[in-house]
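Both counts, for ligands and for their atoms, begin at 1 and track the order of listing. For reference, positions follow the sequence shown, starting with 1.
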Amino acid sequence: MIQSRRLSRIPVYLFSQIAELKRQLRQEGVDIIDLGIGDPDRPTPRHIIEALKEAVEDPQTHRYDESGFGDLELRRAFCEWFEKRFGVRLDPERNIQVLIGSKEGLAHLIWTYVEPGDVVLVPDPAYPVYRNNTLLAGGEPYYMPLLKENKFLPDLSAIPEKVAKKAKLLFLNYPNNPTAAVADLDFFREVVEFAHKYEILVAHDAAYSEVTFDGYVAPSLLQVEGAFDVVVEFHTLSKTFNMTGWRLGFAVGNEQAIKDLSKLKSHVDSSVFLAIQRAGIAAYCGPWEPVKETMEAYRRRRDVLVEGLQRLGCPVEKPKGTFYVWIPVPEGETSESFSEKLLRKAGVLTIPGTGYGKHGEGFVRASLTLLDPNPEARLQEAVERMERAGVRW
Ligand SMILES: Cc1ncc(COP(=O)(O)O)c(C=O)c1O
C-alpha cells in the first residue's frame, strides 16, 4: 500500500512518537515523571457527568444530530456565556458551529479554504495541527517566528507584502501552546487591521482562554471592532472542564466562514453525540467553582515547578496562562539534547521545543497536567531529580 503523497508530506503525530518512547522506557523499568502531553488529570465536574447520565437515558439523544450547526440549546448556552464573559454578542443561529473538539474544527477550516499553493500564516513554534493540515491540503505554510524578545507574539510587520497578499489564513493561539505567552487587545487590534488590509481570515485558537492565573483574564479576538469580518475563534470544553476525551468544541465568529465550515463538515462527520452536547449545556450554565478550583490547582503546580527551576538557576518566569512551562535550556544544550538528558538522567519527560517548529529551539515544554495522586509532590520530585542529575543553568 502506498500512502497518498499528501500524507507522506507530514510526519507521524508528535505525541504518537512520544507515547512509543514512553512505552519503551517503562518496559525497561524507568519511573517516568511525565510532563509530556497536556491532558487535564482532574475529573470532569460532577454536574456535567450527571447531565450526561440523564441525557444518555433519553432515546432522543441516540439519533443523528440533524441540526447541522449543533444542538441549538447548546449553541444558545455557549453564546450567553460568551456575552457575559467577553461582552460580545454571538447569534446562535449564524455565528457558531459545534465541533468534535477544536482540533477537528481547526483542521477542517483549513480544508474549507486552502487550495494547493495557497499561503497559510502559521506561528512557529505552534500546535502542530495548523501546519500539518496546511501541508495535507497542499498549502504552503509561511512561518511567523514566536521569539522571546517579542514576548512570543508574531511580528506582523516582518511578513513580506508579497506573502501577506497571497495568504488566505492566519493562525494564532493565545494563551499560547507551547510558549505559555498571552496576548493583549492592542496586539489583537493590530491583527484585525492586518487581516482587513490583506483580506485574510484569522483563525484564533482560544483553547486556553479560561486557563489563566493571578487574576489575568484572557481577551477574545472577537472583542476587537471589525473582527467579525475576518475572524473565526475556536473554543473547547477540553481544557476548561477537563473534558479532552469527550470531544466538544465550537467555532464562532464570521457568518460566512461558519457556513462554509459547516458545509464541509456535513460531508465528513455527523456531529457530536447529542447526550454529550446536552452535557455541554450544563457546563456553560455553571456552577463554575470546579473550574476555579482546577485553575488554582494548576497555579500551585506552576509555582512548585517554576520556583524549583529558578532555584536551579533557570531564567524562567511564572506564566499567566495555559498549563505549560516553556523552559529555556542551559547553555551548550539543544532542545533535543536537554530533553533527552532530563529523560535519561532524571526520568523526567518533557517535549523538545523543536517538536513545535524550528523556532522552538532552545526550549523544552513541561506540562503541569500529570496523573499522580499528588502532582505537586511529583513536580517537586522532578526538580529534585534534576538537581541530583547535575542539571544547572
Ligand atoms: C493550542 C491547542 N489547540 C487545540 C487543542 C485541541 O483541543 P481539543 O481537545 O478541543 O481538540 C489543543 C490540545 O492540546 C491545543 O493545545
Side-chain angles (χ1 to χ4, degrees), residues 13-19 34-42 44 48 70 74 78 96-111 122-134 144 146 152-154 169-183 202-212 218 220-221 232-252 261 265 269 271-273 276-277 279-280 283-284 291 294 298 319 321-326 350-351 353 355-357 360 365-370:
Y13 195 57
L14 178 61
F15 288 103
S16 313
Q17 295 172 34
I18 287 161
D34 184 357
L35 311 183
I37 198 164
D39 191 352
D41 51 279
R42 291 165 59 93
T44 302
I48 304 175
L74 172 61
F78 182 82
I96 176 165
Q97 167 69 53
V98 170
L99 304 171
I100 312 171
S102 54
K103 183 180 187 179
E104 175 268 301
L106 289 159
H108 280 147
L109 188 78
I110 292 168
W111 287 96
V122 177
D124 177 351
Y127 182 52
V129 169
Y130 322 137
R131 164 188 190 271
N132 289 337
N133 278 282
T134 297
M144 306 179 291
L146 302 189
F152 301 109
L153 300 173
L169 284 176
L170 184 163
F171 279 90
L172 286 178
N173 160 226
Y174 292 97
N176 182 260
N177 173 18
T179 67
V182 296
V202 183
H204 181 226
D205 178 354
Y208 297 92
S209 68
E210 306 315 301
V211 186
T212 55
S220 161
L221 189 49
V232 186
E233 189 163 83
F234 291 82
H235 287 260
T236 172
L237 285 80
S238 287
K239 323 285 169 171
T240 310
F241 302 106
N242 311 326
M243 288 173 69
T244 49
W246 296 54
R247 313 309 303 141
L248 188 56
F250 304 94
V252 295
L261 175 62
K265 279 175 60 60
D269 68 66
S271 193
V272 178
F273 181 24
I276 289 181
Q277 296 196 52
Y284 285 98
V291 176
T294 295
Y298 292 147
T322 78
F323 40 57
Y324 303 112
V325 180
W326 190 233
T350 56
I351 314 282
Y356 300 91
R365 192 195 77 173
S367 169
L368 300 169
T369 62
L370 63 171

(request) Report the relative orientation of the aromatic rings in Tyr284 and Phe78; use parallel for angles under 30°, tilted for 30 to 60°, perpendicular for over 60°. (result)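 Aromatic pair Tyr284/Phe78 classed perpendicular.
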(request) Without swapping roles, check the side chain of Arg365 against the backbone of Val325 for a donor-acceptor pair under 3.5 Å. (result)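 No; zero donor-acceptor contacts below 3.5 Å.
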(message) Closer than 3.5 angstrom, by distance alone: can the side chain of Gln277 be matched with the main-chain N or O of Gly70 as a donor-acceptor pair?
(response)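 Here the side-chain-to-backbone pair does not exist.
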(request) Please check if the distance between the ring centroids of Phe323 and Tyr208 is under 6.0 Å. (result)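 Yes, close enough.
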(message) Do Phe152 and Val182 make a side-chain contact, defined as non-hydrogen atoms from C-beta onward lying under 4.5 Å apart?
(response)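 No, every pair of side-chain atoms sits at 4.5 Å or beyond.
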(request) Tell me the residues surrounding ligand 1, counting only those with a heavy atom closer than 4.0 angstrom, sorted by chain and number. (result)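 Gly101, Ser102, Lys103, Tyr127, Tyr130, Asn173, Asn177, Asp205, Ala207, Tyr208, Thr236, Ser238, Lys239, Arg247.
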(request) Could you tell me which non-hydrogen atom of Thr244 sits nearest to which non-hydrogen atom of Pro40, and how far apart they are? (result)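 For Thr244 and Pro40, the tightest heavy-atom pair comes out as CG2-CD, 3.6 Å.
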